[in-house]
> 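Below are the structure tokens for one structure; questions will follow.
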Amino acid sequence: MDKVRRVISVIVANEAQVLARVSGLFAGRGYNIDSLTVAPIPDTDLSHMTIVTRGNRRVIEQIVKQLHKLIPTFKVIEHEHMVEKEMVLVKFPIEKPLADIQALCQAYNGGIVNVGTEMFIAMAADESIRIEHFVEAVKRYHPIEIVRSGVVAMER
Amino acid sequence: MKMSGAQMVCEAIIAEGVKTVFGYPGGAIMNVYDEIYKQNAFRHILTRHEQAAVHAADGYARATGEVGVAMVTSGPGFTNAVTGLATAYMDSVPLVVISGQVPLSLIGTDGFQEVDAVGISRPCTKHNYLVRSIEDLPRILKEAFYIARSGRPGPVLVDIPKDITGELGEFVYPESVDLPTYKPRYKGNDRQVKKAVEAILNAKKPLLYVGGGTVLSNAYQEVRALAELTQIPAVETLMARGVMGAKNPLLVGMLGMHGSYAANMAMSETDLIISLGARFDDRVTGKLSEFARYADIIHIDIDPANIGKLVDVDYPIVGDVKTVVEKMESMIREKVDPDRYQVWREILARYDELHPLMYHDSEEVIKPQWVIERIGQLVGEEAIITSDVGQHQMWAAQFYPFDRPRQWINSGGLGTMGFGFPAALGAKMGHPEKTVINITGDGSILMNVQELVTAAENKIPVINVILNNHFLGMVRQWQTFFYDKRYSETDLSYQPDWKMLAEACGGAGYDVTTKAEFDQALQSAIEGGKVTFINVAVDRFENVLPMVPAGGALYNMLLEHKDQ
Ligand SMILES: Cc1ncc(C[n+]2csc(CCOP(=O)(O)OP(=O)(O)O)c2C)c(N)n1
Ligand SMILES: [Mg+2]
């Protein structure tokens with residue numbers, strides 16, 4: 001069976017151990033995690049986790065069911081029609097062409113977010129696949145550091 | 001009412017109607033033990049090892065259908081309990097295990113006897129809690145019992161820091177539980193059930209695949225009634241022995257690695273599997289790609305994650321076996337023609353005649369299978385049988401005439417040697433009127449042999465029948481079959497004096513080398529009313545047959561072995 005990429009949102013009670021329960025489930029059952037993000041949902045006692053994973057149809061189905069089986073899990077959404085965004089921060093030496101990089105960032109919903117004496121930091125926010133293109137594109141400016149946020153997603 | 005956390009623990013146990021608790025004290029749980037001392041609403045049995053405490057609570061739960069409770073201290077007390085938790089988890093047994101923890105202020109500092117209990121037990125509990133505030137304790141205790149027994153049952157750990165059991169708080173035990181994130185589904189979707197019924201009516205060779213879930217859901221009457229009504233034959237898993245009843249003509253037998261020829265052929269040739277609380281375990285299916293190749297599958301399970309996990313399912317039904325089977329029966333009642341499956345039943349009967357479950361009895365040496373059959377003849381329906389893990393377990397499952405669910409108690413999922421004796425203690429505490437016999441091996445019994453003392457002290461007269469082959473027999477069998485008889489570390493020729501060992505702890509012991517001696521020993525044991533070891537010298541090289549070699553197709557059974 002072919003492996004597919006899936007973005008899954010898990011709505012969980014915002015309580016101790018819950019991240020460990022989810023990540024432990026993936027580790028213990030040998031499922032892949034490409035990325036995992038988590039933050040509280042405003043004005044509730046719930047958290048929203050977005051997990052990007054990979055597996056064949058049976059594995060994905062198991063992941064969804066096993067996530068659902070966890071006692072603090074409220075809802076599991078296997079995204080089909082979604083808006084998906086990821087952010088990336090990239091640090092460059094101050095000598096690099098700031099204007100060129102700024103123009104590049106703007107093409108990816110970003111810009112320059114910090115300028116220091118030795119370095120400056122650029123940001124982009126876009127779909128994962130486009131973030132990958134962006135990271136490829138900035139490599140020729142020899143960045144010092146790249147930090148990706150992992151995906152957040154919302155069903156349309 | 002204001003009371004200490006320790007009192008709250010006792011009040012919850014009383015409110016839940018638990019009559020016997022098994023455990024072992026230590027620093028972090030002492031507050032609770034102090035309260036146990038002051039009450040007499042429930043009994044506490046001091047086992048001699050925490051693992052045994054959890055297995056005993058487990059045996060109690062399996063025998064009675066109630067939630068079992070065990071209590072241990074922090075650190076090593078808790079880690080000793082982990083095997084018990086994992087054993088119960090794999091077989092979906094409802095337990096609440098209370099563990100002491102170091103005080104809140106010490107958590108995370110590598111304090112004395114501190115271990116991350118919730119971290120360690122996360123993958124082998126249905127749910128677990130580290131209590132962080134006395135205000136949460138009543139709710140958590142209530143939830144623990146509720147989660148343990150509802151849906152697909154399982155063990156729940158409640159880890160309580162010592163300062164919380166010592167602290168005073170307001171206690172109102174909640175009447176009910178409302179967990180918006182946890183809503184087990186019992187009913188089964190009507191449309192799905194209807195479709196499944198249509199499939200049964202259209203099948204030519206349907207087969208009831210009866211699993212441990214039928215025991216957990218107390219569904220045996222419904223399952224028997226469905227079989228009776230439709231005259232559809234049934235196979236049982238290791239965990240379901242007793243559900244159909246040994247004398248039931250529709251029971252083809254146990255299937256799986258050591259299942260009967262007819263049961264495994266039934267599974268291989270059926271055109272419709274009706275799975276009732278079974279989970280397509282690898283010891284049942286053999287090689288998956290060859291498993292039940294001609295069959296559509298109806299899968300009824302309360303745990304959605306079991307459905308479609310290993311095999312593709314045509315008719316998934318999430319629900320409680322009892323409820324769903326009842327529904328099925330009423331839908332099928334007017335429509336079914338039992339004659340439709342007549343040819344199929346005849347085929348299976350012929351398979352059973354061709355290769356019945358059998359052994360070659362001997363007059364020189366006692367055959368282990370004979371012992372099982374003999375116990376069946378002597379105490380049969382009346383007894384509860386527990387077992388350990390190995391050849392003796394498989395022989396017990398194959399040859400004992402189990403007539404009702406909860407009569408057969410064994411560690412099927414985890415395969416925990418050392419389970420049988422403490423589980424027998426728990427079963428006996430739950431059913432003092434019943435004869436409880438642990439069928440064990442000379443290897444297994446030594447893992448928890450210290451429970452002789454517990455049993456003698458508390459006058460819990462369980463009988464351990466040791467099928468003594470002077471081997472880790474099941475491993476030896478694999479070495480014989482698959483490792484050219486290189487008997488690496490399986491020879492148990494060096495043995496304790498079993499009779500003396502039992503006697504030294506206050507029990508009774510019998511050494512048996514003939515059939516007549518066995519009958520006598522069993523009778524004396526039943527009459528003697530003491531915890532007993534019956535050490536039966538059996539044929540050392542007897543093998544469990546038939547056997548589906550691991551990873552092989554279910555229909556490729558070894559029926560005999562040249563060394564037999
Ligand atoms: C705790 C534990 N350790 C190891 C095993 C592996 N194992 C399975 S059966 C077996 C042999 C059991 O020997 P015995 O109790 O004498 O039973 P027999 O097979 O001889 O009847 C072993 C070592 C196990 N199941 N459980
Ligand atoms: Mg042995």
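Throughout, a chain's letter reflects where its sequence line sits, starting with A, and its residues are numbered from 1.
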> Tell me, for B:Val318 versus chain A, whether the close heavy atoms (under 4.5 Å) come from the side chain, the backbone, both or neither.
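Neither part.
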> Near B:Arg293 CZ, under 6.0 Å, is it more than 12 heavy atoms from other residues, nucleotides or ligands?
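Atom CZ in B:Arg293 is packed in, count exceeds 12.
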> Around atom CZ of A:Phe74, are there more than 12 heavy atoms of other residues, nucleotides or ligands at under 6.0 Å?
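Atom CZ in A:Phe74 is not packed in, count stays at 12 or less.
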> How about B:Val115 and B:Thr79: do any of their side-chain heavy atoms sit closer than 4.5 Å?
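The answer is yes, as the side chains (C-beta and beyond) meet within the 4.5 Å cut-off.
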> Taking 3.5 Å as the threshold, show me the donor-acceptor pairs across chain B and chain A, one per line with distances to 0.1 Å.
from     : atom 1 : to      : atom 2 : distance (Å)
B:Arg122 : NE     : A:Gln17 : OE1    : 2.9
B:Arg122 : NH2    : A:Gln17 : OE1    : 3.1
B:Asn128 : O      : A:Arg21 : NH2    : 2.9
B:Asn128 : OD1    : A:Gln17 : NE2    : 3.2
B:Asn128 : OD1    : A:Arg21 : NH1    : 3.0
B:Asn128 : OD1    : A:Arg21 : NH2    : 3.2
B:Thr181 : OG1    : A:Ile71 : O      : 2.5
B:Asp303 : OD2    : A:Lys69 : NZ     : 2.6
B:Pro304 : O      : A:Lys65 : NZ     : 3.1
B:Ala305 : O      : A:Gln62 : NE2    : 2.7
B:Ile307 : O      : A:Lys65 : NZ     : 2.6
B:Gly308 : O      : A:Arg58 : NE     : 3.4
B:Leu310 : O      : A:Arg58 : NH1    : 3.2
B:Asp312 : OD1    : A:Arg58 : NH2    : 2.7

> Taking A:Gly28, A:Ala16, A:Ala13, A:Pro72 one by one, which has the highest count of heavy-atom pairs under 4.5 Å against chain B?
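The answer is A:Pro72.
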> Compare all side-chain heavy atoms of B:Leu137 with those of B:Ile160 and state whether any distance is below 4.5 angstrom.
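They are in side-chain contact.
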> Using distance alone, with no hydrogens and no angle criterion, decide if B:Thr416 and B:Thr87 have a side-chain donor and acceptor under 3.5 Å apart.
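Short answer, yes.
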> B:Ile307 versus chain A, heavy atoms under 4.5 Å apart: side chain, backbone, both or neither?
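Both parts, heavy atoms under 4.5 Å.
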> Run the side chain to side chain contact (heavy atoms under 4.5 Å, CB included) test on B:Asp296 and B:Ile273 for me, step by step, so that the C-alpha distance in whole Å, both residues' side-chain angles and the decisive distance to 0.1 Å come before the verdict.
CA-CA 6 Å; B:Asp296 280 351; B:Ile273 297 171; over 6 Å; no
> A:Leu70 versus A:Val12: any side-chain heavy-atom pair under 4.5 Å?
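In short, these two side chains do not touch, never coming nearer than 4.5 Å.
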> For each of A:Val64, A:Ile11, A:Leu25, A:Ile71, tally heavy-atom pairs with chain B at distances under 4.5 Å, and name the one with the top tally.
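Most pairs with chain B among the choices: A:Ile71.
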> Relative to chain A, which segment of B:Pro123 carries a heavy atom at a distance below 4.5 Å: side chain, backbone, both, or neither?
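Looking at B:Pro123, nothing touches chain A.
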> I want to check something: taking the side chain as every heavy atom from C-beta on, are B:Val193 and B:Ile317 in contact at a cut-off of under 4.5 Å?
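When only atoms from C-beta onward are counted, B:Ile317 and B:Val193 do touch, with a gap below 4.5 Å.
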